[in-house]
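Keep in mind that this is a model prediction, so the values were computed, not measured.
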Number of protein chains: 4
Amino acid sequence: LKIEGIIPPLVTPFREDGRLDLPAFEANFDVYSEHGLGGYLVLGSNGEAAVLEEEEKLALVSLARARSDGRLVVAGTGLESTRATIALTLKAADRGADAALVLTPHYYKARMTPDALRRHFEAVAEASPIPILAYSVPAVTGLLWPVALSAALAEHPRIAGMKESSGDVGLLGRIVAAAPRSFRVICGSGPVLYPALCVGASAGILAVACCAPGPAVALYEAWKTGDHARARRIHEGLVPLATAVTSTYGVAGLKQAMTLAGFKGGQVRAPLLPVSAEASAELRDLLPQAEAAAVV
Amino acid sequence: LKIEGIIPPLVTPFREDGRLDLPAFEANFDVYSEHGLGGYLVLGSNGEAAVLEEEEKLALVSLARARSDGRLVVAGTGLESTRATIALTLKAADRGADAALVLTPHYYKARMTPDALRRHFEAVAEASPIPILAYSVPAVTGLLWPVALSAALAEHPRIAGMKESSGDVGLLGRIVAAAPRSFRVICGSGPVLYPALCVGASAGILAVACCAPGPAVALYEAWKTGDHARARRIHEGLVPLATAVTSTYGVAGLKQAMTLAGFKGGQVRAPLLPVSAEASAELRDLLPQAEAAAVV
Amino acid sequence: LKIEGIIPPLVTPFREDGRLDLPAFEANFDVYSEHGLGGYLVLGSNGEAAVLEEEEKLALVSLARARSDGRLVVAGTGLESTRATIALTLKAADRGADAALVLTPHYYKARMTPDALRRHFEAVAEASPIPILAYSVPAVTGLLWPVALSAALAEHPRIAGMKESSGDVGLLGRIVAAAPRSFRVICGSGPVLYPALCVGASAGILAVACCAPGPAVALYEAWKTGDHARARRIHEGLVPLATAVTSTYGVAGLKQAMTLAGFKGGQVRAPLLPVSAEASAELRDLLPQAEAAAVV
Amino acid sequence: LKIEGIIPPLVTPFREDGRLDLPAFEANFDVYSEHGLGGYLVLGSNGEAAVLEEEEKLALVSLARARSDGRLVVAGTGLESTRATIALTLKAADRGADAALVLTPHYYKARMTPDALRRHFEAVAEASPIPILAYSVPAVTGLLWPVALSAALAEHPRIAGMKESSGDVGLLGRIVAAAPRSFRVICGSGPVLYPALCVGASAGILAVACCAPGPAVALYEAWKTGDHARARRIHEGLVPLATAVTSTYGVAGLKQAMTLAGFKGGQVRAPLLPVSAEASAELRDLLPQAEAAAVV
């Protein structure tokens with residue numbers, strides 16, 4: 001499984017009445033396809049997978065597959081139970097996903113020992129027809145990733161790597177160092193993409209890539225070609241926007257930034273609330289700043 | 001809605017192959033019905049609701065209703081999305097639940113402001129035919145309960161109170177003090193039942209009541225009749241077991257303690273793992289200690 | 001060492017220019033002496049020991065001894081190094097302190113294992129001519145108290161108990177249960193005094209006792225005589241003030257509440273800042289509410 | 001004030017009896033002086049300033065000044081009270097310190113608002129004859145650094161920058177971006193030196209530089225000259241040792257690593273404890289690994 005470059009975690013646009021807006025979801029590919037992206041993630045945290053029904057999820061996988069121009073399609077299939085995760089992974093594979101992103105179960109977080117997590121990921125990988133990627137996002141799960149777990153998981157032929165979304169560059173580097181090179185570590189936090197690449201991340205699945213794919217790809221390319229001065233410049237222009245659409249305003253902020261940038265962001269689903277007018281104004285200012293840094 | 005006394009959060013026994021064991025679930029009522037309990041909670045955290053399918057959930061509600069001898073049946077119906085929570089609440093009411101326990105949504109925890117939570121609970125209460133109880137359990141959700149939210153929710157005629165499972169007696173007391181008397185605050189942490197009753201909890205939904213219903217009810221009765229010396233004595237005998245079946249060993253520990261006490265605990269569902277033989281031996285020692293304290 | 005009842009952690013009044021105001025410190029005893037207090041703590045967190053010079057500390061101990069009417073005088077002598085803590089304990093004993101309150105060292109908090117803490121407390125107790133009390137205050141130190149440490153410390157003849165200021169009633173109860181009865185556990189958090197007494201605290205060292213000694217003593221007496229209805233009523237009246245002068249506004253709030261109540265609070269020392277006018281107005285409202293609850 | 005390159009936070013060797021070992025402290029300069037270091041920090045966290053008496057501190061400043069060969073000497077002078085910090089800063093300047101490193105006060109951490117911290121640092125800078133550097137180390141203080149504070153402090157002509165020891169590269173980058181270029185941000189965490197340099201740190205004050213100055217300086221030089229491949233290689237060799245002498249084993253681990261590397265580490269002062277034989281064996285293995293990475 002080749003995982004490289006910048007991969008947007010696609011949002012799921014909803015209509016005002018809360019129903020799925022598949023045409024809006026589809027329309028965004030028209031622009032994304034022009035940007036040299038490394039693939040697409042559907043059903044991630046930014047895709048509001050936590051509030052989607054199974055039939056909605058599968059419709060989104062099918063559509064992403066159809067519109068991906070052969071690029072990588074990763075589908076988020078992690079659920080709290082191992083058996084339910086396996087069932088959804090099989091269905092996502094059936095709809096054409098190239099790989100599954102499996103979130104750490106976290107409801108019973110005090111019980112999610114390294115051993116329990118290892119068994120979970122291995123059981124899913126064992127049953128899955130497609131490669132899986134583990135997904136650690138402590139801001140959601142409250143679980144810190146045990147570094148040694150990566151090395152253990154890397155031994156399974158269908159565990160291809162992980163998405164590391166803590167924003168802790170030191171931790172990401174230790175994970176890279178502890179696992180074999182074949183285990184790909186994907187940076188899941190836009191504000192630290194540049195330093196994460198420096199310490200060994202092989203790709204970025206980043207909210208900011210949904211609303212500003214150009215600068216995100218430009219940063220990756222600059223780093224790839226060894227132009228660190230340019231990479232750092234784009235990084236500095238991108239950080240405020242990347243922070244705003246994640247820790248500051250979350251999915252609703254990302255969707256609003258997408259709408260402001262000409263994409264179809266759509267509504268969020270309750271209990272999420274739309275962002276305020278002030279937040280929207282702030283996002284409107286940050287978008288051109290990110291674009292400008294990549295132009296110079 | 002009258003919520004008083006001790007309410008066990010019923011476990012969901014699974015067979016070795018991971019399937020639901022409804023006869024085991026049903027058999028436990030034979031003993032519970034002899035204990036002067038205040039009702040039953042089905043589909044709580046200890047009921048492993050997070051790993052149940054919807055059809056399994058509804059079968060459990062129906063069975064609890066049938067076996068409750070007219071006692072209160074509360075069903076856990078909280079999901080991440082508001083619309084899904086409403087849909088499940090309607091179905092649980094249809095199966096005979098007297099009230100719904102609605103967990104705070106928490107996947108997007110950084111966005112779960114007091115306003116977002118209030119809208120969520122009010123939307124569910126507005127659509128629900130039965131009273132609802134909010135459910136705060138920070139060890140699972142990572143969300144601290146905002147004290148002022150209780151007073152706001154109390155204004156809705158179908159929000160009857162909340163289950164407060166932080167184990168923070170000071171917080172529980174502040175919630176009691178901030179809300180009108182009609183808003184019932186239920187202690188969700190066995191190790192602090194006695195001090196929680198002292199500062200105003202009206203009931204206890206406690207894991208330990210699943211494996212040691214006698215001592216739990218005895219503690220409640222002692223407090224109710226003003227026998228604080230006896231209440232504290234039972235409290236001290238119960239705390240080690242109550243701690244073991246929650247923070248130390250979790251649901252798997254509770255199920256094992258139930259099995260050791262003659263109930264049908266059954267297996268846990270993956271990714272949860274069964275407890276070790278050492279843990280089992282420890283639980284075997286703690287059970288009689290809890291029973292003994294209530295006898296004196 | 002008899003430690004019972006309510007013990008105010010005396011504040012250290014400063015003049016506008018930052019210098020110690022010993023006459024103000026002394027004047028407060030005129031009122032305290034009328035209240036049936038169990039003794040005095042000098043050089044605690046509320047006494048701003050962290051910003052006092054050694055000669056200032058010793059002057060305060062001497063003055064407290066002189067004005068205590070034979071009541072217990074406890075002096076805070078904990079410093080980061082073991083040898084410095086021993087040296088200060090010896091000097092405090094020489095100035096007449098009956099016991100020393102020894103804060104957990106916490107600068108190197110990741111290294112403060114149960115073993116390191118035990119050696120520290122035992123070394124101080126070994127060298128001290130007076131009994132010592134361990135002092136755990138996680139909001140300051142970031143260290144959670146290991147329950148088993150209490151039982152270990154209780155074996156030393158000059159370690160008389162501890163002040164537990166986490167506000168976690170469950171933890172306080174577990175400490176009481178784990179140690180022999182001779183090891184006294186003192187509640188260090190006013191908002192949970194009542195439930196802490198219920199689970200076994202033998203005394204309270206409480207900021208709120210500095211500005212509202214009457215209600216604090218009344219609550220303790222009500223509990224002592226088994227009048228739980230009255231104890232809970234005073235508790236509810238006292239909690240808002242007790243919360244305001246600790247977690248909400250800290251030492252500066254306590255000093256302002258004292259000044260409003262007719263005591264001599266004096267200024268705080270930088271970097272602490274005085275409270276705002278709004279905070280002062282809030283404190284002015286909370287004081288009579290606390291007094292009223294104890295009158296009924 | 002020119003702050004560049006690698007600066008070891010000098011340890012303070014103690015004798016077996018706990019007394020200061022000044023000859024050991026002095027001897028380490030013989031080796032350090034050969035390594036192209038950017039200067040020295042005396043009285044930092046690794047210097048055990050928290051357990052030193054004032055006269056000991058001043059003796060160490062004098063000795064560092066005398067042995068520094070004209071390199072920068074920074075002295076840690078932060079104490080809990082503003083007035084005591086000012087007094088110590090004046091004395092350190094008098095003994096020849098070029099700059100003072102001022103730790104955030106943290107005993108009353110809930111009160112250390114951005115405003116309180118700003119006033120503290122400005123008061124010290126105002127009174128100080130030498131430039132000051134703010135010092136944020138959340139693992140010790142429990143205080144997160146407010147990004148906007150850096151920009152505010154940068155306006156004072158004698159606040160030259162800060163030491164940022166959270167290990168959070170994203171935060172360090174945001175601080176760099178928010179402040180003017182004249183405000184130097186020094187990385188205080190060896191395991192993230194390389195990515196921190198990438199996002200704008202201008203120097204590193206790193207425990208690992210005390211026991212492995214060669215590789216630390218080599219990493220800095222590789223980054224400085226744009227040789228990112230070499231920088232990352234040294235980084236990967238250095239991280240395990242840098243982690244071991246900080247978060248894993250702390251000051252005692254650092255001192256033992258120094259002793260193993262031929263420096264004079266000396267003993268720690270109680271309540272710190274020496275490391276175990278197993279820890280020592282681990283450090284013995286990590287030292288050559290760090291050196292080897294810099295040789296290639």
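Remark: the B/Tyr108 side chain and the A/Ser45 side chain contain no N/O donor-acceptor pair separated by less than 3.5 Å. Side-chain atoms of B/Ser166 and B/Glu164 form a donor-acceptor pair, as typed in the model, at a separation below 3.5 Å.
Between B/Glu122 and B/Arg158 no salt bridge is recorded (no basic side-chain N to carboxylate O distance below 4.0 Å). In this structure, B/Asp94 does not pair ionically with B/Lys91, as no charged nitrogen and carboxylate oxygen lie closer than 4.0 Å.
Residue contact with chain A, scored on non-hydrogen atoms closer than 4.5 Å, involves the backbone and the side chain of B/Glu48 alike. For A/Ala252, no part sits under 4.5 Å from any heavy atom of chain B, backbone or side chain. Neither the backbone nor the side chain of B/Ala123 has a heavy atom closer than 4.5 Å to any heavy atom of chain A. Neither the backbone nor the side chain of B/Ala87 comes within less than 4.5 Å of any heavy atom in chain A.
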Discussion item. Test side chain to side chain contact (heavy atoms under 4.5 Å, CB included) on A/Met162 and A/Ile186; report intermediate values, then the result.
Written reply: CA-CA 6 Å; A/Met162 72 178 292; A/Ile186 306 165; over 6 Å; no

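By a heavy-atom distance cut of under 4.5 Å, A/Thr246, A/Ser247, A/Thr248, A/Tyr249, A/Gly250 are the residues of residues 243-250 of chain A near chain B, going up by number. Of residues 9-21 of chain A, those residues with a non-hydrogen atom less than 4.5 Å from any non-hydrogen atom of chain B are, in numerical order, A/Asp17, A/Gly18, A/Arg19.
Residues A/Cys211 and A/Phe263 approach most closely at O-CE1, 3.8 Å, considering heavy atoms. A pairwise comparison of heavy atoms in A/Arg95 and A/Ala59 identifies NH1-N, 4.2 Å as the closest pair. When all heavy atoms of A/Ala207 and A/Asn46 are compared, the pair lying nearest together is CB-ND2, 3.6 Å.
Of the possible polar contacts, one joining the A/Arg269 side chain to the A/Val51 backbone as a donor-acceptor pair under 3.5 Å is found. For the pair B/Lys109 (side chain) and A/Val140 (backbone), a donor-acceptor distance under 3.5 Å is present.
Partners of B/Thr141 under the side chain to side chain contact (heavy atoms under 4.5 Å, CB included) rule, at least two apart in sequence or in another chain, are B/Leu103, B/Thr104, B/His106, B/Val137, B/Leu143. For A/Ala270, the side chain to side chain contact (heavy atoms under 4.5 Å, CB included) criterion is met by B/Thr82, not counting sequence neighbours.
Note: A/Arg83 leads A/Glu80, A/His120, A/Glu53, A/Arg83 in heavy-atom pairs under 4.5 Å with chain B.
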